[in-house]
A.B. asks: 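Below you will find the structure I want to go over with you.
Predicted model, so just to flag it, every value in this text is computed and none were measured. We name chains A, B, ... by the order of the sequence lines, and we start the count at 1 in each one.
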Amino acid sequence: MLFVFTLIRFPTKKKDTMNIRKTLEQRISRALQTAGAADAPALVVPSGRPEFGDYQANGCMAAAKKMKTNPVEFAKAVLEKLDLSDLAEKVEIKGPGFINIFLKREWLDDQLGSMKADEKLSVSQPETPETVVVDYSGPNLAKEMHVGHLRSTIIGDALARTLQFIGYKVIRQNHVGDWGTQFGMLAAFLALQYSIKQTENGLFFEAVSHIKDLDGYYKLANEWFKSSEENQQKSRDFVVRLQSGDPEIVPYWKEFCNLSLSHARTIYGRLGVLLGKNDVRGESLYNDYLPQVVKTLDEKGLLKESEGAKGVFLNEFKNKDGDPFFMIVQKSDGGYLYATTDLAAIWFRCGKGKEDGTVDWTAGRVLYVTDSRQAQHFAQVFTVAKKAGFADRTWLGHLAQASQGHPAPVQEAKTTGGTPVARLDETSKPQVSLEHVPFGMMLGTDGRPFKTREGGTVKLMDLLDEAESRAGALVKEKNPDLSEDKVKDIAHKVGIGALKYADLSQNRTSDYVFSWDKMLSLEGNTAPYMQYAYARIQSIFRKQDETSPACQGGDDADNGAIHVSEPAERALAVKLLQFPETVESVAEACMPNILCAYLYELAGAFMSFYENCPVLKSEGAVRASRLALCRLTAMVIQQGLALLGIETLEQM
RNA sequence: GCGCCCGUAGCUCAGUGGAUAGAGCGCCUGCCUCCGGAGCAGGAAGUCAGAGGUUCGAAUCCUCUCGGGCGUACCA
């Protein structure tokens, strides 16, 4: 018992020494406090200019203002309470009260050494690794995936990878659209127009071999539907029977969904997106919950009726007439809506699924990676979910633990770029953090919602083909001696990497102008730039094995101690050490573009280092140190790109 | 009407209340007998839509105006 108690009270905590920003933040906050400014944030940020050091603390001015003292005098007082001698060679006050910190080279050397020895690259694990559900991609199975699905799929995947790396338990959820009247039509067409064989694996439809693309199938089905009154009637019968769970009909619908899902899986495979069969939890799986959702809302006294429809009035939102918004959960004909399904999904994810034994987890945080047009919808759904208690915590996360014996801390509502998020409701009952992670729309070069010249959408498959073929052409041009297989492999990694990076590097909240050239560009701030830096480093190690037989095998070739001295080395060193704080920011704000910007700066710092500091031509300790620096840079670039779902290559 | 988002270099976009607003593309000037030139070093290019306000300090926060987008009761 005592052992357990000890574990709970003193969780094994990794030391946080390597997150520069956090370390400085803690030390300076303490100094501020000692100097008389309680609760004043230190406001530590990397310095804007080299002459201002590596980091600057901006908190003194505001604190002094609050205390009505002279900011420079106060900064001096803070400095007296502040001992950074172990990590800084100089700490000075400049301007109206900035504290500029110049990190010590020896300290940088130490930090780089421990970072290199750590498989997590100094990214510290959360003390309580809660379960985070990431809901992303979620294509409608009736149609083929197009460019509009790219952002959710890629951004969601990068966030899931990042959260997982940090140490959260990540549950990927592919909330595919697999329900609704159109599925009755599609299934009916499959059942009635194609020959069917029973095989060991279930049904086999002749259609499967004919359907080259889903959109073509959809078009055919639609024509069939429209061609006669009889077909329409058959189709409607199908819908009714399907929705009542008729065992004769369900297999047809299932087969169609499988067909469509296999198309999605092909796309995911080519994109390198980690969404598998087990991550698919379509709308239809919540069907059984829908009546219960409505019933629960009724029991909580939230359910009202208006013009025949059932729903919840929300004072927090206004409708066109300025009256409370009415969120409908059951139509006047008895049917349910997406708001109902979303409520059911929240319920499922936040405890109901575990209670039912369907899954073995319950969420502490749920991220919805969908376009920004749904912001209002989610704000409303989250509000209702909280009122109804669908998102109450059944698992005690860090919030509950932190508040043991005290009133629960009231946290400020925060946003993840759109929807306000409340972690605690008005009764201070711990709640799951439900966060909409919105992204902007895909626009054409005319600034209008993106469409092809024919008015259609660009198929994702076509975009991937184009990305790889453009990259392939470039690879052949740069390196004509490579084998066909090699070219193909490089073209794939470079092309897909560029495509993903083009999307991820943009602030997700802004609208996105679709451009073949921009999306598939391979120069400048693109994924290939980082891949190229990585390949250059690998090239150094290959050459190093050849030129220095004593070090062959590479085992200890890069194991030398790092001693930064040249300015370019120092700049690279500081950049490398900023990896942990960058990854944390990405996870907290759900902004992969922060990581992209970081990696671009890192690769840039390496390129300068590469130009200014010869590695293989240097000797002794300098050579060993530079080799080690190269190795660590390669590790960070590889890991950083991996968090974005982008692969590295040994050669390109 | 109401709500939310946006307006930054020729184009596409970064930018956490901090010091002289940054990248990429395009344009101009240098750099491959030298670890991979998909690169490096540098240059030109800005009334941060406009006007007020808060602040020691505003592209960032508040108000208004102009311009654009999205959403707004039985689609998702």
A.B. asks: Anything under 30° is parallel, anything over 60° is perpendicular, the rest tilted; go ahead and classify A:Y529 against A:Y600.
C.D. replies: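 Geometry flag for A:Y600 against A:Y529: tilted rings.
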A.B. asks: Measuring from the side chain of A:I328 (C-beta onward, heavy atoms only), which nucleotide among B:A38, B:G18, B:A73 has the closest atom?
C.D. replies: B:A73
A.B. asks: So which nucleotide does B:C32 pair with, by the Watson-Crick or G-U wobble rule with both distances under 3.5 Å?
C.D. replies: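 When the pairing criteria are applied, nothing turns out to pair with B:C32, so the answer is none.
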A.B. asks: Taking only the side-chain nitrogens and oxygens of A:N507, find out if one of them lies under 4.0 Å from OP1 or OP2 of B:G15.
C.D. replies: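 True: A:N507 side-chain N/O within range (under 4.0 Å) of B:G15 OP1/OP2.
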A.B. asks: Go through B:U72, B:C35, B:A41 for me and flag the one nearest to the A:S608 side chain.
C.D. replies: B:A41
A.B. asks: How far does the P atom of B:A45 sit from the matching atom of B:C2, given to the nearest Å?
C.D. replies: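 So the two P atoms sit 44 Å from each other.
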A.B. asks: Identify whether any heavy atom of A:C613 sits under 4.0 Å from a base atom; if not, whether one sits that close to sugar-phosphate; answer base, sugar-phosphate or nothing.
C.D. replies: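 A:C613: base contact, heavy atoms under 4.0 Å.
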A.B. asks: Under 4.0 angstrom, heavy atoms only, what part of the nucleic acid is A:I540 near: base, sugar-phosphate, or nothing?
C.D. replies: sugar-phosphate
A.B. asks: Check this for me: does any side-chain nitrogen of one of A:R570 and A:D54 sit under 4.0 Å from a carboxylate oxygen of the other?
C.D. replies: yes
A.B. asks: Quote, to the nearest angstrom, the C1' distance that separates B:G26 from B:G71.
C.D. replies: 37 Å
A.B. asks: Among B:A73, B:U16, B:U20, which nucleotide sits nearest the side chain of A:S306?
C.D. replies: B:A73
A.B. asks: Does a side-chain heavy-atom distance below 4.5 Å link A:M591 with A:N507?
C.D. replies: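 Side chain of A:M591 against side chain of A:N507, heavy atoms only: contact under 4.5 Å found.
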A.B. asks: Within the modelled atom types, does a donor on one side and an acceptor on the other bring the side chain of A:R373 and the base of B:U72 under 3.5 Å apart?
C.D. replies: no
A.B. asks: What's the closest nucleotide to the side chain of A:F98 if the choices are B:U20, B:G24, B:G18?
C.D. replies: B:G18
A.B. asks: Out of B:G69, B:G36, B:U16, which has the shortest distance to the side chain of A:R536?
C.D. replies: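 Comparing B:G69, B:G36, B:U16 against the side chain of A:R536, the answer is B:G36.
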A.B. asks: Using a 4.0 Å heavy-atom cut-off, does A:K518 contact any base of the nucleic acid, only the sugar-phosphate backbone, or nothing at all?
C.D. replies: sugar-phosphate
A.B. asks: With sugar-phosphate meaning primed atoms plus P, OP1 and OP2, does A:D342 contact a base, only sugar-phosphate, or nothing at under 4.0 Å between heavy atoms?
C.D. replies: nothing
A.B. asks: Measure from the side-chain heavy atoms of A:E307 and tell me the nearest of B:A38, B:G3, B:A73.
C.D. replies: B:A73
A.B. asks: Mind checking if A:E51 touches a base, just sugar-phosphate, or nothing, with heavy atoms under 4.0 Å?
C.D. replies: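 Base, at least one base atom sits under 4.0 Å.
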A.B. asks: Please pick, from B:G39, B:A38, B:G71, the nucleotide with the shortest atom-to-atom distance to any side-chain atom of A:V475.
C.D. replies: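 For the A:V475 side chain, the nearest candidate turns out to be B:A38.
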A.B. asks: Categorize A:N593 for me: base, sugar-phosphate, or nothing, with a 4.0 angstrom heavy-atom threshold over every strand shown.
C.D. replies: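 Sugar-phosphate only.
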A.B. asks: Does A:E73 pair with A:K76 as a salt bridge, N-O distance under 4.0 Å?
C.D. replies: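 Yes, A:E73 and A:K76 are salt-bridged.
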A.B. asks: Of the nucleotides B:C35, B:A38, B:G39, which one has an atom closest to the side chain of A:K543?
C.D. replies: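 Minimum distance to the A:K543 side chain belongs to B:C35.
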A.B. asks: Would you mind reading off the distance between A:D511 atom CG and B:C11 atom P, rounded to a whole angstrom?
C.D. replies: 18 Å
A.B. asks: Using the purine O4'-C1'-N9-C4 or pyrimidine O4'-C1'-N1-C2 torsion, is B:C40 syn (within 90° of 0) or anti?
C.D. replies: anti
A.B. asks: Between A:N612 and A:S608 (side chain of the first, backbone of the second, donor and acceptor by atom type, cut-off under 3.5 Å), is there such a pair?
C.D. replies: yes
A.B. asks: Please classify the nucleic acid contact of A:S510 as base, sugar-phosphate, or nothing, using heavy-atom distances under 4.0 Å.
C.D. replies: sugar-phosphate
A.B. asks: So what does A:R626 hit on the nucleic acid, given a heavy-atom distance under 4.0 Å: a base, only sugar-phosphate, or nothing?
C.D. replies: nothing
A.B. asks: Do we count A:Y532 as stacking onto B:G39 if the rule is ring centres under 5.5 Å and planes under 30°?
C.D. replies: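 Taking the rule of under 5.5 Å and under 30°, the ring of A:Y532 does not stack on B:G39.
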A.B. asks: Watson-Crick or G-U wobble partner for B:U16, using a 3.5 Å limit on both distances?
C.D. replies: none
A.B. asks: Taking N and O atoms by type only, does the side chain of A:N100 place a donor or acceptor under 3.5 Å from a partner on the base of B:A19?
C.D. replies: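 Checked by distance alone, the answer is yes.
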A.B. asks: Can you tell me the base-pairing partner of B:A59? Count Watson-Crick or G-U wobble geometry only, both distances below 3.5 Å, and say none if there is no partner.
C.D. replies: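 For B:A59, the partner nucleotide comes out as none, under the 3.5 Å rule.
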A.B. asks: Can you tell me which nucleotide in B:U12, B:G36, B:A76 comes closest to the side chain of A:Y338?
C.D. replies: B:A76
A.B. asks: If you assign A:A535 and A:G95 each to the RNA chain B nucleotide with the nearest heavy atom, which residue ends up on the more 5' nucleotide?
C.D. replies: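 Counting from the 5' end, the first nearest nucleotide belongs to A:G95.
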A.B. asks: Could you state the atom-to-atom distance from CZ of A:F606 to P of B:A41 in whole Å?
C.D. replies: 13 Å
A.B. asks: Categorize A:S539 for me: base, sugar-phosphate, or nothing, with a 4.0 angstrom heavy-atom threshold over every strand shown.
C.D. replies: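 Base contact.
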A.B. asks: Tell me what A:F52 touches on the nucleic acid: a base, only sugar-phosphate, or nothing, going by heavy atoms under 4.0 Å.
C.D. replies: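 Counting heavy atoms under 4.0 Å across all strands, the contact made by A:F52 includes a base.
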A.B. asks: Say you pick atom C1' in B:A59 and the same atom in B:G18; how far apart are they, in whole Å?
C.D. replies: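 Comparing C1' positions in B:A59 and B:G18 gives a spacing of 13 Å.
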A.B. asks: Touch check for A:M652, heavy atoms < 4.0 angstrom, all strands: base, sugar-phosphate only, or nothing?
C.D. replies: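 Result for A:M652 = base.
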A.B. asks: Looking at every strand, decide which applies to A:V615 at a 4.0 Å heavy-atom threshold: base, sugar-phosphate, or nothing.
C.D. replies: base
A.B. asks: Select base, sugar-phosphate, or nothing to describe what A:N319 touches, counting heavy atoms under 4.0 Å on all strands.
C.D. replies: base
A.B. asks: Reckon A:Q56 touches a base, only the sugar-phosphate, or nothing at all at heavy-atom distances under 4.0 Å?
C.D. replies: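 Since a base atom lies under 4.0 Å of A:Q56, the category is base.
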A.B. asks: Pick the nucleotide of RNA chain B nearest each of A:Q506 and A:G177; which residue has the one closer to the 5' end?
C.D. replies: A:Q506
A.B. asks: Does A:K94 pair with A:E51 as a salt bridge, N-O distance under 4.0 Å?
C.D. replies: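 Salt bridge between A:K94 and A:E51, a charged N being under 4.0 Å from a carboxylate O: no.
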A.B. asks: Looking at B:C70, B:A38, B:G39, which one has an atom nearest to any side-chain atom of A:V494?
C.D. replies: B:A38
A.B. asks: What about A:T341: does its side chain form a donor-acceptor pair under 3.5 Å with the base of B:A76?
C.D. replies: no
A.B. asks: Could you tell me how far B:G39 sits from B:G3 if I compare only their C1' atoms? Round to whole Å.
C.D. replies: 49 Å
A.B. asks: With rounding to the closest Å, how many angstrom separate the C1' atoms on B:A58 and B:C48?
C.D. replies: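 It works out to 11 Å between them.
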A.B. asks: Side chains of A:D342 and A:F378: closer than 4.5 Å at any heavy-atom pair?
C.D. replies: yes
A.B. asks: Could you tell me whether A:R631 sits above the aromatic face of A:F541, with NZ or CZ closer than 6.0 angstrom to the six-membered ring centre and within 45 degrees of the axis?
C.D. replies: yes
A.B. asks: Taking the side chain from A:R470 and the backbone from A:L522, do they hold a donor-acceptor pair closer than 3.5 Å?
C.D. replies: no
